[in-house]
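First the proteins, then the strands, lettered A, B, ... as listed; each starts at 1. This structure is a prediction, so every number in the text was calculated from the model and none was measured.
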2 protein chains.
Amino acid sequence: MATTNNIANTGSGPIVPEVVIQRLPRYVRVLTQFADSGEKVISSEQLGTRLQMTPAQIRKDLSYFGRFGKQGRGYDIAMLEGQLRTILGLDRTWNAAVVGMGRLGRAVVSYPGFAPEGFNILAAFDASDDIVGQTISGLQVRSISELKTSVQNLDIKIGIVTVPIEHAQEVIDALVDAGIRSILNYAPLSPQVPKGVTVRGIDPVLSLQSMTYYIR
Amino acid sequence: MATTNNIANTGSGPIVPEVVIQRLPRYVRVLTQFADSGEKVISSEQLGTRLQMTPAQIRKDLSYFGRFGKQGRGYDIAMLEGQLRTILGLDRTWNAAVVGMGRLGRAVVSYPGFAPEGFNILAAFDASDDIVGQTISGLQVRSISELKTSVQNLDIKIGIVTVPIEHAQEVIDALVDAGIRSILNYAPLSPQVPKGVTVRGIDPVLSLQSMTYYIR
DNA sequence: GGTAGTTTGTGATACAAAGCACACACCCAT
DNA sequence: ATGGGTGTGTGCTTTGTATCACAAACTACC
């Protein structure tokens, strides 16, 4: 799975390849690091070294969105980071909901890495009556039957799926039905989604299974 | 990060593109599901529908490794699954070690999805004296100073990195130094590794950050 | 056992992404 | 203010990947 997507190029401008979009957050991350270490300017050469890619590719990628650099100098770090964040929609916060409050779901809602990046988990859902009503990491677990209304009331834009594989497709269908167009899927399947919905899969087993080819 | 790799095409035969290798585990997964539901034979068409890809691509991918199908019929499910598992090195078990026993490392060692797929976590490491010696999910946490000897004694082939970002690169260096050539990295950076070492990154924040582009 | 209907395996083709290389812009030192 | 040095932006080339399309191989049914 790793990274399924039915592209829906938002906004106007040229059509940007999805691979490019997927690289942008990595640029943002490195820019943030350089900014933190007090640097003001960075060249595509330096970025490339850090990210293990050619400077030309970085310049090409950036050129899809504008001309951010100065010849003979490089890129102003703060400015470029800001531009990229705006392009990616990271200049605001996003509300998310987690569906499936088993072991994995609990780990996800208590993961401290989302909020600092502007992803706020505002709701947790589960199908089991034993779990609904419990409070986990400060979230009152809701019944899946409330999914659609909660998504609308809380302005939730991202769904995170942590249910067992046998319920994953139906949960994803429910999220789509509720109007969600971005799904982070922890279940080990390639879900079917309509065009316009983006799904990213998190699947450590798949990653391991393709690595063994190189060491077998 | 998502999926960095310095290719090292093992064995002989033609050079197989890495994208192809990364798709094979997905084929294996679907084949297992079909086998479980009692099917005996499957066509590239059916596989394609399930995986949201063209039948031609599946046939091309498989053709890198041999001729597994029968015209007018399709593929024998059990046979193809077995072949692919052998190709990927999944016809055996693999020993892994987790480095970093914080919140994330604990979640990883207690994740029940690895063992059924033949990935056995045999050792856990941490740098902190407070944690070394503790038993977590049946594993006695060892000091990182023992990394190299443990890797050798326990025949560990896979390293799983769950340390904070500021120690990730040094831990990865230590794993490489210990002879590890396959690393699953949960830390949010693009690590530098020598050629011949494969790193796969698990990074939900990066996934989210590239999805927002499509809904912004 | 012949024929209609499938589905594979694969060259050829089309499409997409990455890399090259250089004109041009800008900085800085003098 | 002028010139040497540096690094961008981008058209062009190369490399890589996906798709097409069809002959060949097999099945099933009469």
Asker: Distance check needed: C/dT8 P versus B/Leu62 CG, whole Å only.
Answerer: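 Spelled out: CG on B/Leu62 to P on C/dT8 is 9 Å.
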Asker: Categorize A/Val20 for me: base, sugar-phosphate, or nothing, with a 4.0 angstrom heavy-atom threshold over every strand shown.
Answerer: nothing
Asker: Mapping A/Ser44 and B/Arg23 onto DNA chain D by nearest heavy atom, which one lands closer to the 5' end?
Answerer: A/Ser44
Asker: Any residue in residues 74-84 of chain B with a heavy atom nearer than 4.0 angstrom to DNA chain C? Just list them by number, or reply none.
Answerer: B/Gly74, B/Tyr75
Asker: Could one point to a donor on the side chain of A/Lys60 or the base of D/dT10 with an acceptor on the other under 3.5 Å away?
Answerer: no
Asker: If we ignore hydrogens and angles and just use 3.5 Å, is the side chain of B/Thr162 paired with the main-chain N or O of B/Gly100 as donor and acceptor?
Answerer: yes
Asker: If you measure only the distance, is there a donor-acceptor pair under 3.5 Å linking the side chains of B/Gln33 and B/Arg50?
Answerer: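 Judged by distance alone, the side chains do pair up.
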Asker: Within this structure, what is the CD-to-P distance between A/Gln52 and C/dG19, rounded to whole angstrom?
Answerer: 13 Å
Asker: If you measure only the distance, is there a donor-acceptor pair under 3.5 Å linking the side chains of A/Gln169 and A/Asp173?
Answerer: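 Note: A/Gln169 and A/Asp173 side chains meet the donor-acceptor criterion.
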Asker: Can you check the B/Glu45 CD to D/dC20 P distance for me, whole Å?
Answerer: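 One finds 12 Å between P of D/dC20 and CD of B/Glu45, rounded.
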Asker: Taking 4.0 Å as the cut-off, does a side-chain nitrogen or oxygen of A/Thr54 come that near to OP1 or OP2 on C/dA18?
Answerer: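 Result: no.
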Asker: Is there a residue in residues 66-73 of chain A whose heavy atoms reach under 4.0 Å of DNA chain D, and which residues are they?
Answerer: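 Here the set is A/Arg67, A/Phe68, A/Gly69, A/Lys70, A/Gln71, A/Gly72, A/Arg73.
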Asker: Could you pull out every donor-acceptor pair under 3.5 Å between side chains of residues 150-157 of chain A and any protein atom, sequence neighbours left out?
Answerer:
unit_1, atom_1, unit_2, atom_2, d
A/Ser150, OG, A/Arg142, NH1, 3.4
A/Ser150, OG, A/Glu146, O, 3.0
A/Asn153, ND2, A/Thr149, O, 3.3

Asker: Whole Å only: how far is the CG atom of B/Leu51 from the C1' atom of D/dA18?
Answerer: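 Result: 16 Å.
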Asker: What is the distance, to the nearest angstrom, from the CD atom on A/Gln22 to the P atom on C/dA17?
Answerer: 11 Å
Asker: In whole angstrom, give the distance that lies between atom CG of B/Asp61 and atom C1' of C/dT10.
Answerer: 13 Å
Asker: Round to a whole Å and report the spacing from CD of A/Gln57 to C1' of C/dA16.
Answerer: 12 Å
Asker: Of all the choices, C/dT10, D/dT10, C/dA17, which nucleotide is nearest to the side chain of A/Arg59 once you look at every atom?
Answerer: D/dT10
Asker: C/dC20 C1' sits how many Å from A/Met53 CE, rounded?
Answerer: 16 Å
